[in-house]
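When reading the values below, keep in mind they use all heavy atoms of this one structure, side chains included, and skip hydrogens, waters and symmetry mates. In this chain, numbering begins with 1 at the start of the sequence shown.
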Amino acid sequence: MVPGLSIQAKKERSFLRWVAAVLVVALIIMGMWFGYRWYTAGDKPPLLPVPASAMADPNIDETPVTDEQVEKHVVPASQPRYISIPALNITNARVMSVGLTKNNMIDTPKNISDTAWYNKSALPGSGTGAVVIDGHNGGATRDGVFASLDALSPGDTIIIERGDGKKFTYNVVENETMSLKEANETGMKKMLLPVEDGKESLSLITCAGNWVPRDKVFDKRIMLRAVAID
């Protein structure tokens, strides 16, 4: 045996084990960091698959709404019954009446294909104020009725049909995407007001951005405002 060879081999093996241990620790730390960012901010971990059920609200009803259910949908004469958006191929999406949640937030429709009219906002055809309607952007397995709301541009039309069959058309004026923080601080105040004094407006709201598991909310909102056509 040549002196020194066995000692060098042990040193090499020891060094490789040390490198491997460092790499394992680094991977664990990185995994914990990305997991933390996903849980608290919704940032998807790179190169790691995340189940669809963990990227949206799993409590949304994704059962398809049938044509018969749409046709049988009834509301009081003065309230919004259907909403149609030609540019998004949305025709007669049902509009449900909702109030506020226990957290003082505007409630959302139960089904992913429906929309919800905030019953403390204006009535369509009233000639003043803002009609406020929200809808889902998507769920665990499929898109919601307002999945492409951000694609609307100024001048696009939105049609509201009331319970008595009368229809009212609105032209889009502005369409913004903002953080949830900004939406809560200033966005909602603006959405509850008309675009122009003395003219009826329509405000549409949906979620966007990342689903934040810790807070069970999306981190952005799409806020669209339209004005009634005379």
Student: My understanding is that only residues two or more places apart in sequence, or in another chain, count here; which of them pass side chain to side chain donor-acceptor pair (under 3.5 Å) with E68?
Tutor: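 So E68 forms a side chain to side chain donor-acceptor pair (under 3.5 Å) with K72.
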
Student: Over all heavy atoms of both residues, which pair between S78 and P124 is shortest? Give the atoms and the distance, please.
Tutor: O-CD, 3.8 Å

Student: State the CG-CG distance between L152 and N175, to the nearest 0.5 angstrom.
Tutor: 6.0 Å

Student: Do F218 and V98 sit in one hydrophobic cluster, given that two such residues count as connected whenever their side-chain heavy atoms are within less than 4.5 Å of each other, even indirectly?
Tutor: no

Student: For residues 105-112, run the donor-acceptor check on the side chains, cut-off 3.5 Å, and write out each pair with its distance to 0.1 Å, sequence neighbours left out.
Tutor:
residue, atom, partner, partner atom, Å
N111, OD1, S113, N, 2.8
N111, ND2, T63, O, 2.8

Student: Taking all atoms of both residues into account, what is the closest heavy-atom pair of A226 and Y170, and its distance?
Tutor: CB-CB, 3.8 Å

Student: With E182, which residues qualify under side chain to side chain donor-acceptor pair (under 3.5 Å), at least two apart?
Tutor: none

Student: Kindly determine whether L204 and F146 satisfy side-chain contact (heavy atoms from CB on, under 4.5 Å), including the steps that lead there.
Tutor: CA-CA 9 Å; L204 302 186; F146 282 167; 4.2 Å; yes

Student: Spell out, yes or no, whether I205 and I60 are grouped together once hydrophobic residues are joined by side-chain heavy atoms under 4.5 Å, including indirect joins.
Tutor: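 In one cluster: no.
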
Student: Roughly how far, to the nearest 0.5 Å, is the CE atom of M178 from the CG atom of L180?
Tutor: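 Here the rounded value is 11.0 Å.
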
Student: Taking 4.0 angstrom as the limit, do R225 and E196 come out as a salt bridge?
Tutor: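 Looking at E196 together with R225, the answer is no, because their closest N to O distance does not fall below 4.0 Å.
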
Student: How close do P194 and A130 get, heavy atom to heavy atom, and via which atoms?
Tutor: N-CB, 4.3 Å

Student: Can a donor-acceptor pair be found, under 3.5 Å and without considering hydrogens, that links the side chain of Y82 to the backbone of V70?
Tutor: yes

Student: Please tell me if the side chains of I159 and I83 come closer than 4.5 Å, counting only heavy atoms from C-beta onward.
Tutor: no

Student: Looking only at non-hydrogen atoms, find the nearest pair between V95 and A116 and report the distance.
Tutor: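 Result for this residue pair: CG1-C, 4.4 Å.
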
Student: Sequence neighbours excluded, which residues qualify as side-chain contact (heavy atoms from CB on, under 4.5 Å) partners of S97?
Tutor: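 With sequence neighbours excluded, S97 shows a side-chain contact (heavy atoms from CB on, under 4.5 Å) to Q79, W117, N119, given in chain and number order.
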
Student: Pick from H136, H73, R94: which one makes a side chain to side chain contact (heavy atoms under 4.5 Å, CB included) with D114?
Tutor: R94

Student: Measure the spacing between OG1 of T177 and CG of L224 and express it to the nearest 0.5 Å.
Tutor: 10.0 Å

Student: CD1 of I85 to OG of S148: how many Å apart, nearest 0.5 Å?
Tutor: 10.0 Å

Student: A147 and N137: which non-hydrogen atoms are nearest, and at how many Å?
Tutor: CB-O, 3.2 Å

Student: Go through V227 and K199 one step at a time and tell me if the side-chain contact (heavy atoms from CB on, under 4.5 Å) criterion holds.
Tutor: CA-CA 7 Å; V227 66; K199 296 198 71 172; 4.1 Å; yes

Student: Quick one: side chain to side chain donor-acceptor pair (under 3.5 Å) partners of E161, sequence neighbours excluded?
Tutor: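 Testing E161 for side chain to side chain donor-acceptor pair (under 3.5 Å), a comparison that skips the adjacent residues, returns none.
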
Student: Are L149 and V132 joined in one hydrophobic group, where the rule is that I, L, V, M, F, W and Y side chains link up if heavy atoms are under 4.5 Å apart?
Tutor: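 L149 and V132: separate clusters.
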
Student: Count I, L, V, M, F, W, Y as connected when their side-chain heavy atoms are under 4.5 Å apart, and connections chain through other members. Are I133 and L88 then in the same cluster?
Tutor: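 Yes: a chain of side-chain contacts under 4.5 Å links I133 to L88.
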
Student: Between atom OG1 of T206 and atom CZ of R221, what is the distance when rounded to the nearest 0.5 Å?
Tutor: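 These two atoms lie 8.0 Å from each other.
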
Student: Working to the nearest 0.5 angstrom, can you tell me the gap between D134 CG and M96 CE?
Tutor: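 Reported to 0.5 Å precision, the distance equals 12.5 Å.
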
Student: Grab the two heavy atoms, one from A183 and one from M223, that are nearest each other, plus how far apart they are.
Tutor: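 What the structure gives for the nearest pair is CB-CE, 4.1 Å.
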
Student: Would you find more than 12 non-hydrogen atoms of other residues, nucleotides or ligands less than 6.0 Å from K166 atom NZ?
Tutor: no

Student: Is it the case that the side chain of R81 and the backbone of G165 share a donor-acceptor pair, with hydrogens and angles ignored and the cut-off at 3.5 Å?
Tutor: no

Student: Donor-acceptor pair, S84 side chain versus N92 backbone, under 3.5 Å?
Tutor: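 Checked: pair present.
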
Student: Just to verify, what does S153 make a side chain to side chain donor-acceptor pair (under 3.5 Å) with, not counting sequence neighbours?
Tutor: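 S153 satisfies side chain to side chain donor-acceptor pair (under 3.5 Å) with no other residue.
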
Student: Hydrophobic clusters here meaning ILVMFWY residues chained together by side-chain heavy-atom distances under 4.5 Å, can you tell me if V145 and L202 are in one?
Tutor: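 Shared cluster, yes.
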
